[in-house]
Amino acid sequence: MTIEEARDWLNRSPFHEKCGINLEEAGEGQCVISAEVRDEDRNLWGIAHGGFIATLCDAASGLAVMSMHDGYCVTTSSTMHYLKPAKCEKLQAKAAMLKNGHTISVVEVEVYGGDQLLAEGSFEYFCKDN
């Protein structure tokens with residue numbers, strides 16, 4: 001998947017459009033996306049909701065794994081660690097392939113607010129190539 005194909009995939013997804021996800025980098029098992037943290041993305045304490053952060057991680061890791069497969073890939077499991085409150089205005093998720101298997105692939109993701117590491121996660125995917 002090229003960066004143009006990744007951008008097209010994001011642009012065709014109403015869910016990702018609703019989340020305001022922007023593609024910064026993509027290719028060869030890696031992806032970097034970002035999103036502004038809007039009022040509707042915050043919890044009652046005014047910080048980015050954990051579900052919003054997990055959504056960014058799932059999108060970044062999904063694009064990273066799809067860059068290595070020509071079929072479809074679906075998330076089978078994920079683990080998130082929230083390290084610091086996301087009190088920032090913009091989040092950036094950086095995904096990198098940890099294991100590229102024939103059917104199971106694993107991607108690690110880090111989420112930053114500026115230069116601060118706020119969360120990290122591991123995502124497992126089932127992939128079926130054409």
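In this chain, numbering begins with 1 at the start of the sequence shown. A quick note: this is a predicted structure, and the numbers were derived from the prediction, not measured.
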For this session: Go through the steps to decide whether Phe123 and Cys57 satisfy the test side chain to side chain contact (heavy atoms under 4.5 Å, CB included), and finish with yes or no.
Result: CA-CA 8 Å; Phe123 286 72; Cys57 290; 3.5 Å; yes

Exercise. Hey, is NZ on Lys99 packed in by over 12 heavy atoms from elsewhere, all under 6.0 Å?
Worked result: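 Counting other residues, nucleotides and ligands, NZ of Lys99 exceeds 12 neighbours.
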
Problem set entry | Joint cluster assignment, Phe52 & Leu118, ILVMFWY side-chain distance < 4.5 Å |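 Yes, Phe52 connects to Leu118 through the hydrophobic network.
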
For this session: Search all heavy atoms of Leu117 against all heavy atoms of Glu110 and return the closest pair with its distance.
Result: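 That closest heavy-atom pairing would be CD1-CB, 3.7 Å.
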
Exercise. How far apart are the closest heavy atoms of Cys88 and Gly113, and which atoms are they?
Worked result: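 Heavy atoms only, the tightest pair is SG-CA, 3.7 Å.
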
Problem set entry | Hphob cluster co-occupancy, Ile47 + Ile53, side-chain heavy atoms under 4.5 angstrom |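 No, no single cluster joins them.
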
Problem set entry | For the student: nearest non-hydrogen atoms of Ala48 and Asn43, plus distance |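 Closest heavy-atom pair between Ala48 and Asn43: O-ND2, 4.5 Å.
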
Problem set entry | Shared hydrophobic cluster for Met80 and Leu63 (ILVMFWY, side-chain gaps under 4.5 Å) |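 Cluster IDs for Met80 and Leu63 match.
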
For this session: Before giving the answer on salt bridge (Lys or Arg N to Asp or Glu O under 4.0 Å), spell out for Arg42 and Glu36 the whole-Å C-alpha distance, their side-chain angles and the decisive distance to 0.1 Å.
Result: CA-CA 11 Å; Arg42 297 180 188 281; Glu36 300 293 325; over 6 Å; no

For this session: Measure the shortest side-chain to side-chain distance between Cys127 and Val65 over non-hydrogen atoms and say whether it is less than 4.5 angstrom.
Result: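 They are in side-chain contact.
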
Exercise. Between Val107 and Ser122, is any pair of side-chain heavy atoms under 4.5 Å apart?
Worked result: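 Not touching, per the 4.5 Å side-chain cut-off.
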
For this session: Answer whether the closest heavy-atom distance between the side chains of Lys90 and Tyr112 falls below 4.5 Å.
Result: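 No, every pair of side-chain atoms sits at 4.5 Å or beyond.
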
Problem set entry | Approximate separation, where rounding is to 0.5 Å, of Gln92 CD and Asp115 CG |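 Atom-to-atom, Gln92:CD and Asp115:CG are 11.0 Å apart.
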
Exercise. Just how far is it from atom NZ of Lys94 to atom CD of Glu120, taken to the nearest 0.5 Å?
Worked result: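 Here the interatomic distance stands at 14.5 Å.
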
Exercise. How many angstroms lie between atom CG of Asp41 and atom CD of Glu89, to the nearest 0.5 angstrom?
Worked result: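 So the CG of Asp41 and the CD of Glu89 are separated by 11.0 Å.
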
Problem set entry | Between Ser78 and Asp58, a side-chain donor and acceptor under 3.5 Å |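 Short answer, no.
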
Problem set entry | Residue pair Asn22, Ile33: steps toward the side chain to side chain contact (heavy atoms under 4.5 Å, CB included) verdict | CA-CA 5 Å; Asn22 301 302; Ile33 63 171; over 6 Å; no

Problem set entry | Minimal non-hydrogen separation, Gly50 against Tyr82, with atom names |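 Reported closest heavy-atom pair: O-OH, 2.9 Å.
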
Exercise. Can you tell me how far the CG atom of Leu44 sits from the NE2 atom of His49, to the nearest 0.5 Å?
Worked result: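 If I round to the nearest 0.5 Å, the distance is 8.5 Å.
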
Exercise. Can you find a heavy atom in the side chain of His69 that is under 4.5 Å from one in the side chain of Ser105?
Worked result: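 Sidechains of Ser105 and His69: in contact.
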
For this session: Test side chain to side chain contact (heavy atoms under 4.5 Å, CB included) on Gln30 and Glu25 and set out the steps.
Result: CA-CA 8 Å; Gln30 297 184 32; Glu25 299 174 29; 5.6 Å; no

Exercise. How long is the span from the CD atom in Glu124 to the OG atom in Ser61, to the nearest 0.5 Å?
Worked result: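 Glu124 atom CD to Ser61 atom OG measures 11.5 Å (nearest 0.5 Å).
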
Exercise. Just wondering, do Gln116 and Lys84 contact through their side chains at under 4.5 Å, heavy atoms?
Worked result: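 Side-chain contact under 4.5 Å: yes.
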
Problem set entry | Nearest non-hydrogen partners of Ala93 and Leu56, listed with the distance |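 Closest approach of Ala93 to Leu56, heavy atoms only: CB-O, 4.0 Å.
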
For this session: Given side chain to side chain contact (heavy atoms under 4.5 Å, CB included), test Lys87 with Trp45 step by step and report yes or no.
Result: CA-CA 9 Å; Lys87 298 177 181 178; Trp45 293 275; over 6 Å; no

For this session: Can you measure from SG (Cys31) to CG (Leu23) and round to the nearest 0.5 angstrom?
Result: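 Spacing of SG (Cys31) from CG (Leu23) equals 5.0 Å.
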
Exercise. For Ala95 and Val109, which heavy atoms make the closest approach, and how far apart are they?
Worked result: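 Here Ala95 and Val109 meet closest at CB-CG2, 3.9 Å.
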
Exercise. Heavy-atom distance under 4.5 Å between the side chains of Tyr125 and Ile104, does that happen here?
Worked result: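 Result no, sub-4.5 Å side-chain heavy-atom pair not found.
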
